[in-house]
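These notes are about the structure you will find just below.
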Amino acid sequence: MQDQDIKSVKTEIVGDIALVCVDNPPVNALSVHVRRGIQDAVAEINTAQSAKVIVLYAAGRTFIAGADITEFGKPPMAPALPDLLNEMEQSAIPVVCVLHGTALGGGLEVALASHARVGIKGLRIGLPEVLIGLLPGAGGTQRVPRLAGIPVALDMALSGRQVPAQEALEMGLLDALEEGDPRDVALKAGQEALDGKLVTRRTDMIETKPDDAALDAARQMAARKFSNLVSPQRCIEAIAASTGPIADGLKIERKAFMDCLDTPQRAGLIHAFFGERAVANIPEKKAPPREINAIGVIGGGTMGSGIATSALMAGLPVTLVEVKEEALERGIATITKNLDGGVKRGKLSQKQRDAMVANLKGATDLAAFSDVDLVIEAVFEQMDVKKEIFTTLDSVCKQGAILASNTSYLDINEIAAVTSRPADVIGLHFFSPAHIMKLLEIVVGDKTAPEVVATGFALAKRLKKIGVRAGVCDGFIGNRILAHYSKTASYLVLDGATPQQVDDALEAFGFAMGPHKVGDLAGLDIGWMTRKRKAADRSPEERYAGAVADRICENGWFGRKAGRGYYIYDEGDMHPNPAVAEIIAKEREEAGITSRTFTDEEVVDRYMTAMIVEAARVVEDGIALRPVDVDVVFLSGYGFPRFRGGPLHYADTIGAAELVRRIEDYAKEDAYYWQVPTLLRDMAASGKSFDDINKGG
Ligand code: T1G
């Protein structure tokens with residue numbers, strides 16, 4: 001046994017019971033030293049016959065939460081988990097597992113290969129491998145069907161959901177449910193196994209009941225819902241094999257697992273997993289966050305009511321202020337409707353919803369904020385209106401209260417400058433619908449205090465959102481990059497593609513919705529206002545991208561809410577708006593453009609290259625701390641396909657040199673729009689990747 005193994009896995013003999021405890025913080029991941037420690041412990045107890053039952057449990061906040069994801073992509077180190085679990089299953093001395101916290105993936109598979117499973121109240125189990133581009137790779141596809149049937153295995157392995165302990169007990173994946181400290185429960189379970197009260201048996205000796213109907217239904221669902229992903233179908237194939245001898249099924253599972261381990265989408269999904277945690281690594285990490293016990297929201301429109309809903313769902317009391325009574329009532333009605341939606345979707349109980357509504361107060365005077373700890377302003381995107389509000393807030397709010405703006409692009413420094421407390425001013429940019437979207441851009445002004453930044457991140461965690469630190473510029477991270485690459489979609493249409501082709505190509509790439517459909521959904525008038533706002537600043541060298549959209553808006557066709565935009569929305573039916581084709585033809589004629597065809601690949605290449613160009617500039621300018629911060633913004637706020645890991649992770653699959661070549665090629669058509677960012681040129685010269693930069697390279 002190696003030193004590290006001794007530290008991670010400890011054996012304690014108590015009478016005829018051998019307690020084997022895994023202790024590998026923070027989540028008892030199955031790192032190689034844990035696997036070796038378990039293997040040695042089980043072997044030694046069998047050799048020495050030092051006990052009549054082995055009980056495996058874990059220290060800390062959770063039982064084993066899975067394989068050590070940081071080991072993926074590195075050379076495998078023995079023992080491989082499947083081999084360890086087969087040895088454990090064949091142990092002559094019965095092995096009982098005691099589970100607490102979140103027993104996930106390989107952690108659940110360890111339990112499934114033991115001879116009985118005892119859960120501790122509050123336990124959740126799951127097979128989340130599909131969420132990181134994999135499938136259960138250590139017997140989960142073979143042992144869950146034996147214990148709980150094929151439908152349960154399909155549900156858990158294809159959804160990756162966490163199953164509460166009581167449900168797991170009813171499924172047959174747990175043999176008992178206890179309360180108490182893991183070691184105490186382990187001792188009790190060991191004694192009950194010795195007394196025959198807890199029945200132990202080998203899972204591999206149980207036959208799986210065939211269920212072809214469930215398998216066929218799963219195949220059809222996966223083809224529809226996961227058309228871009230590899231592992232779901234491979235997972236179904238492995239579960240189907242569980243009706244045969246376990247040795248054969250394990251071989252099929254292993255082959256499928258190893259194939260998926262090598263896919264770019266496994267790399268993309270794991271990059272997303274760690275990225276969502278890396279973004280909390282900010283310079284202000286050590287600053288003490290301020291206590292937030294009550295929040296004020298100004299503005300009961302779509303954003304304000306969404307933000308208020310999000311805060312109420314996190315258990316925070318909210319005071320909503322609107323200028324007029326009827327606007328206030330409308331805001332409160334929207335919030336109540338949002339909460340009722342949560343009940344309908346099974347996210348909230350009626351009791352929880354009622355408590356949240358009771359936690360909401362309304363007022364039409366900013367003086368109502370005299371005692372709140374944080375105010376979030378969500379009114380018109382007009383600087384003079386915001387300045388007026390922040391001037392008043394500065395006088396009515398208590399010392400130490402944080403004043404935040406939900407602005408999506410305005411200058412936080414300019415807003416802070418009208419107050420006597422610029423250190424307490426910050427941007428909290430939510431994404432609509434604010435009570436659903438995970439992303440929260442935390443915009444840090446020049447004078448924002450470190451503890452105010454830390455408070456923004458603590459608030460994000462409390463609201464179950466992903467906070468990403470952003471510097472001050474027009475559009476911060478996401479909208480600044482969007483403003484750039486959305487022009488490419490317009491240029492493609494002006495030069496020969498159709499809006500539908502652009503949408504279809506990008507949806508095939510993995511976007512949930514193409515840019516023209518997104519525009520129709522959000523409202524084309526928003527972009528129209530932005531173009532007007534920016535008209536004065538637009539360089540004469542820039543090719544105007546808004547002509548077609550302007551003509552559409554001039555007809556009042558603002559998209560879905562107007563019944564038509566790029567598409568016509570007719571009672572559930574949606575099809576291209578023929579008038580748009582006429583507008584495009586006219587704009588081409590007026591601009592003297594001879595239209596050309598584009599392949600779908602060219603559409604994707606141009607669109608993604610434009611996104612990468614501005615994303616590189618955002619990193620270069622220090623608006624985003626790292627490339628991974630840009631990835632997380634796009635994964636959690638812009639519908640970027642998660643299996644691709646985000647725009648700059650995707651850029652690494654192309655490589656800086658090829659990107660520079662592409663940009664220089666496109667620049668022959670439009671040297672102003674297509675310019676190589678310095679960072680990208682340096683990376684092409686040094687051979688560095690964005691991941692190297694993430695790692696501090
Ligand atoms: N491997 C390595 N590190 C992990 C990890 C893992 N599986 N899970 C979490 N961490 C790190 C995480 O990066 C963070 O690090 C810290 O632990 C706390 O995590 C063979 C192949 C368990 C529900 O997919 O879902 O088993 O930032 O912030 O919010 O078939 O972590 O502190 O440095 O998320 O309390 C399957 C993934 C693996 C579970 C806890 N298992 N983890 O949530 O804490 S594949 C998973 C989670 C597998 C087998 C296959 C969550 C959590 P740092 P955290 P949390």
Side-chain angles (χ1 to χ4, degrees), residues 8 22 24-35 38 58 60-74 76-77 79-86 88 99-113 122-144 153 156-164 231 234-235 238-239 249-250 253-263 266-267 269-282 285 438 457-458 460-462 464-467 628 632 642 694-695:
S8 311
V22 173
N24 182 30
V27 295
N28 287 314
L30 279 160
S31 315
V32 60
H33 51 84
V34 173
R35 302 197 301 274
I38 294 172
R61 59 181 166 140
T62 178
F63 185 71
I64 298 164
D68 180 346
I69 308 180
T70 61
E71 287 183 359
F72 294 160
K74 293 175 190 160
M77 293 172 283
L81 189 57
D83 301 338
L84 166 61
L85 299 193
N86 291 340
M88 209 178 79
L99 314 172
H100 73 288
T102 46
L104 303 173
L108 178 58
E109 289 173 307
V110 167
L112 295 169
L123 165 74
R124 299 169 77 80
I125 65 168
L127 293 172
E129 291 88 342
V130 72
L131 306 178
I132 51 176
L134 297 171
L135 61 137
T141 64
Q142 306 304 308
R143 295 189 173 101
V144 173
M156 288 181 68
L158 294 176
S159 69
R161 73 183 179 96
Q162 292 186 9
V163 176
S231 72
R234 299 302 301 273
C235 181
I239 290 171
L250 286 170
E253 176 194 77
R254 192 72 187 156
K255 173 78 174 61
F257 177 80
M258 296 310 282
D259 292 350
C260 291
L261 204 55
D262 287 343
T263 57
R266 188 272 305 158
L269 288 164
I270 286 188
H271 174 77
F273 173 83
F274 283 116
E276 287 168 347
R277 289 152 179 83
V279 294
N281 207 353
I282 54 172
K285 188 164 184 161
K438 287 274 181 211
F457 276 80
K461 200 165 172 84
R462 186 150 179 202
K464 295 193 173 50
K465 291 188 181 294
I466 298 170
V628 68
V632 172
R642 189 174 175 85
N694 284 330
K695 290 173 183 150

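In listed order, ligands and their atoms are each counted from 1.
Between Leu134 and Leu269 there is no side-chain heavy-atom pair separated by less than 4.5 Å. Side-chain contact between Cys260 and Arg266 is absent, with no heavy atoms from C-beta onward closer than 4.5 Å. Within the 4.5 Å cutoff, the side chain of Pro82 has no heavy atoms near those of the Leu250 side chain. Contact annotation: the side chain of Gln142 never approaches that of Leu112 to less than 4.5 Å [non-hydrogen atoms, C-beta and beyond].
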So Glu253 and Arg143, salt bridge (charged side-chain N to carboxylate O under 4.0 Å, His left out) or not? Walk me through it.
CA-CA 11 Å; Glu253 176 194 77; Arg143 295 189 173 101; over 6 Å; no

As a quick check of understanding, evaluate salt bridge (charged side-chain N to carboxylate O under 4.0 Å, His left out) for Lys255 and Asp259, giving each step before the final call.
CA-CA 6 Å; Lys255 173 78 174 61; Asp259 292 350; 2.7 Å; yes

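With hydrogens left out, the protein atom closest to atom 51 (C) of ligand 1 is Arg277 NH2, 4.1 Å, a heavy atom. Among protein heavy atoms, atom 1 (N) of ligand 1 sits closest to Ile69 N, 3.0 Å. Protein heavy atom nearest atom 20 (C) of ligand 1, with residue, atom name and distance: Glu109 OE1, 3.5 Å. Among protein heavy atoms, the minimum distance from atom 42 (N) of ligand 1 is reached at Phe273 CZ, 3.5 Å. For atom 15 (O) of ligand 1, the closest non-hydrogen atom of the protein is Pro26 CG, 4.8 Å. Atom 7 (N) of ligand 1 has its closest protein heavy atom at Ala67 O, 2.9 Å. In terms of protein heavy-atom proximity, atom 13 (O) of ligand 1 is nearest to Phe274 CE2, 3.4 Å. Distance from atom 45 (S) of ligand 1 to its nearest protein heavy atom, with residue and atom name: Ile132 CD1, 3.8 Å.
Take Ala58 and apply the side chain to side chain contact (heavy atoms under 4.5 Å, CB included) test, not counting sequence neighbours, and it matches Val22, Asn28, Phe63, His100.
Short contacts between ligand 1 and Asp68, defined as distances under 4.0 Å to a heavy atom of the residue, involve ligand atoms 1 (N), 2 (C). Residue Phe257 has at least one heavy-atom neighbour below 4.0 Å for each of these atoms of ligand 1: 21 (C). For ligand 1, the atoms sitting less than 4.0 Å from at least one non-hydrogen atom of Gly137 are 30 (O), numbered in the order shown with element in parentheses.
The option with the heavy atom closest to atom 9 (C) of ligand 1, from among Thr102, Val27, Leu127, is Val27. The heavy atom nearest to atom 46 (C) of ligand 1, out of those in Pro128, Ala280, Gly66, is found in Pro128. Counting heavy atoms only, Ala65 comes closest to atom 22 (C) of ligand 1 of the residues Gly106, Gly107, Ala65, Ala157.
Within a 4.0 Å radius of atom 53 (P) of ligand 1, the protein has no heavy atom. Counting protein heavy atoms under 4.0 angstrom from atom 33 (O) of ligand 1 gives zero. Less than 4.0 angstrom separates atom 26 (O) of ligand 1 from at least one non-hydrogen atom of the protein.
Residue Pro136 has no nitrogen or oxygen atom sitting less than 3.5 Å from a nitrogen or oxygen atom of ligand 1, judged on distance alone. Among the atoms of Arg61, some N or O lies under 3.5 angstrom from an N or O of ligand 1.
Taking every heavy atom of both residues into account, Ala103 and Thr62 meet most closely at N-OG1, 4.4 Å.
Looking at Phe63 against ligand 1, nothing comes within 4.0 Å, counting heavy atoms.
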